[in-house]
Structures are given as structure tokens and as C-alpha cells.
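Quick notes on the structure that follows.
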Amino acid sequence: MIIVIKPNTPPEGIEKVVAEVARLGYEPRPIYGTEQTVVAAIGDETTHGDLERLTVLPQVQEVLRVQKRYKLVSRQFKPDDTIIDIDGVKIGGPHFAVMAGPCSVESEEQLLTTARAVKAAGATILRGGAYKPRTSPYEFQGLGKEGLRLLQLARKETGLKIVTEVLSERDVEHVAESSDILQIGARNAQNFQLLIEAARSGKPILLKRGLSQRLEEWFLSAEYVLSNGNPNVMLCERGIRTFETFTRNTLDLSAVAVAKMETHLPVVVDPSQGSGKASLVSALCRGAVAMDSDGLIIEVHPNPAEAMSDGQQQVDFTSFAQLMGTLPPFLNLTGKKLETFKA
Ligand code: PEP
Ligand code: MN
């Protein structure tokens, strides 16, 4: 941290700040300038006193942070891309993975037909919500445990890996038992107790970005998982709240570039929640691939018009297969390879 001293502070005032930095357990290094004097404080902030409180001293202009607040997720800490291996399906580094399936698990037939269709088109991971975070309590809340049972059935038949949302701490254990990746939804992106509990399950985590979450906050949410002993986090950009209402959310592709630069974690893009419109999904997928993301999570439904949630943004099987067909040239540009099950 750097403590900036107010201009024209007499030497004894500077000495007071230096003494205070030392008292908090840091090594103070004053740097005297003609215009401005600063004091660098050397030491580990996690074990020493809080330097930000020095702003209350009359001699101090401001306290500046030099290091990032997130450490374990940062590229500074680990320069190489993290590659997550989900029981043979890899994501990160050169490995690109597509997760696809319905917004909600609705029935055995709906899920199994979708699982077969998305696998045939090149997905390796099946998505589907059993526990749904709905804005209104009167909307379909998901099939719960029955939904998890159907996801396991689909995994058994197709070999697809399963990603599904866990809404609450009390569900972590049984959702983890029935799935391969735990999805933490946008509305829970800063539910820190849930993040800790999900981290402790040992399962890879797909961490959606909160509806209005700043990038630093998103990376700090991921830091909760890593600092609780689970290195397998995928960041998922799913659009944020902006003034624009044409789309349900504004898909923030610049967040992909920032996340790839600042962290070593795989970055997945969700164009379905990101736009709220089936007609935009294909173009946003290509944009996401070109931005060097590591994967996509796409909502696919046998009959979107009859979906029990998010019908307007789900694509049908034909559109999904078509959009998958448009990705290879974009993947070639980034040097990534789509992970598929060889037929
Ligand atoms: C979903 O994936 O269906 C979902 C509810 O996502 P989000 O948490 O990003 O809104
Ligand atoms: Mn949805």
C-alpha cells in the first residue's frame, strides 16, 4: 500500500505517519518528493493491521492499493491458464467446451430428447435447472430432486456431463452428488456462505456474474471458492443490467477480455440469459468464441414456445445444430479445439 501525505506537511507530521505504519506491523519506506511525499508500507495485509484506516490522520491525503484484492484467481499469481478436467471433458487452455440443454428440467422426454440432440450437435455437457431462481413465487420453481434424478438418467444414457444450479446451502450436498458441475446463479453470485459450501463440495463451479456485479467483485466471488480449497472455477458472463431494454441483459463481452487478462480461470459465455432472445444467440456465440472465451452455455429446448421458463431465449434443435456449425472457423482463429464425444 502507498500512503500519500498531504502537500506542505512538516517533517514531524510525516514522522507520525511513518511511526503509525510501523506500529501496524509494516516496514515503512518514505519517499520524499519536491511536490509530494509518499510512504510505501511493505508487509502482508492479511496478517497486519488495516492501513486504510490511516486516512483518518490529518497528514494523510489518501491510501492507495498496489496489489489486487484478488490473489489466487489472478494471472499474477498463476500465469498459466487453468484447465478443468471434468472426468475427461476438459475446459480451459486449448480446450473449448459447449454446455447446452433446457433452462429447466421439465420431464423425462423433454430432457432425454434434448440431451441426445445437443450431444449429436457437439455439446459435451448437459445443462438443466432442477432448482430455478424465479423472480415471481408463482412461476415454475423447478422439479427439485425429481429434476436431479432425470439429469442423472440423461447422463447415464448419453455420457454427457451435468451442470445444474444449486440455489441454497442446504441443497449443496445432494446437488453435488447428482451432478458434475455446480452452477452458482447470477442472483447468488455474492451469496458468500453458498460459495464456501459449494467450494467445499469439491465439485467444479460455474460462477455466473451477478446482475449488477462489477468485475472486481466477480473475481472476488471466485476468490471465495479458491480460498476455500477448490481451484476449479469457471467464470460465466451472462449479461448485466443496463439502461437497454431491447435485450433482457447486456452481454458484456469486454468482461470476457478482462477476465481472460486478469485471471487464469476458464471463461464461459451464456448468450441465452445474456440476450433473452433466441434470434440473437447464434451471433453472440460467435462473438464469444472470437473473444477467446473457453466455452458456451446455451439454452436448448425441443419446443421453446412451450417451455416452462425462458421460452423466448431458448433455441430449438435445428437452430442449435446450425449455430454449432458456424463456430469452427471462429475456433480456428483462437487456436482452440471443441471438445466433443467421438461418435
Ligand atoms: C439459468 O441459467 O437458467 C439462469 C437462471 O441463469 P442466471 O443465474 O445467469 O440468470
Ligand atoms: Mn434460463
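First listed ligand is number 1; within each ligand, the first listed atom is number 1.
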*From I297 CD1 over to S272 OG, what is the distance, rounded to the nearest 0.5 angstrom?*
8.0 Å
*Please test E223 against R69 for salt bridge (Lys or Arg N to Asp or Glu O under 4.0 Å), starting from the C-alpha separation and ending with a verdict.*
CA-CA 9 Å; E223 189 81 13; R69 290 169 80 194; over 6 Å; no
Using a strict cut-off of 4.0 Å, indicate which atoms of ligand 1 neighbour a heavy atom of [X].
X: R238; result: 7 (P), 9 (O), 10 (O)
X: E299; result: 1 (C), 3 (O)
X: A186; result: 7 (P), 8 (O), 9 (O)
X: G185; result: 8 (O)
X: R187; result: 7 (P), 8 (O), 10 (O)

_Does the structure place the NZ or CZ of K68 under 6.0 Å from the centre of the six-membered ring of F219, at an angle of no more than 45° from the ring's axis?_
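Ring-cation test returns no.
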_Proximity flag C103 to ligand 1, non-hydrogen atoms under 4.0 Å_ = yes
*Any R127 heavy atom less than 4.0 Å from ligand 1*: yes
_Per atom 3 (O) of ligand 1, closest listed option by heavy atom (Q183, E165, K132)_ =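 Heavy atom nearest to atom 3 (O) of ligand 1 belongs to K132.
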_If you take the nearest heavy atom of each of Q313, M99, K208, which one is closest to atom 7 (P) of ligand 1?_
K208
*Pick out which of H301, K132, R248 makes a side chain to side chain donor-acceptor pair (under 3.5 Å) with D310.*
R248
_For H95, the option from K337, K90, E339 that meets side chain to side chain donor-acceptor pair (under 3.5 Å)_ =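 Of K337, K90, E339, side chain to side chain donor-acceptor pair (under 3.5 Å) with H95 is met by E339 alone.
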*Measuring from the Mn ion (ligand 2), name the closest N, O or S atom belonging to D310.*
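Among the N, O or S atoms of D310, the one closest to the Mn ion (ligand 2) is OD2.
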_Restricting to N, O or S, what is the name of the atom of E299 that lies nearest the Mn ion (ligand 2)?_
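Among the N, O or S atoms of E299, the one closest to the Mn ion (ligand 2) is OE2.
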_Would R29 and E27 count as a salt bridge (Lys or Arg N to Asp or Glu O under 4.0 Å) here? Give the steps._
CA-CA 7 Å; R29 298 230 187 117; E27 183 194 328; 2.8 Å; yes
*Could K145 and D171 be called an ion pair, given the rule that one side-chain N must be under 4.0 Å from one carboxylate O?*
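The answer is no: the pair does not qualify as a salt bridge.
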*Under 3.5 Å, is there a donor-acceptor pair between the side chain of E237 and the main chain of D252?*
yes
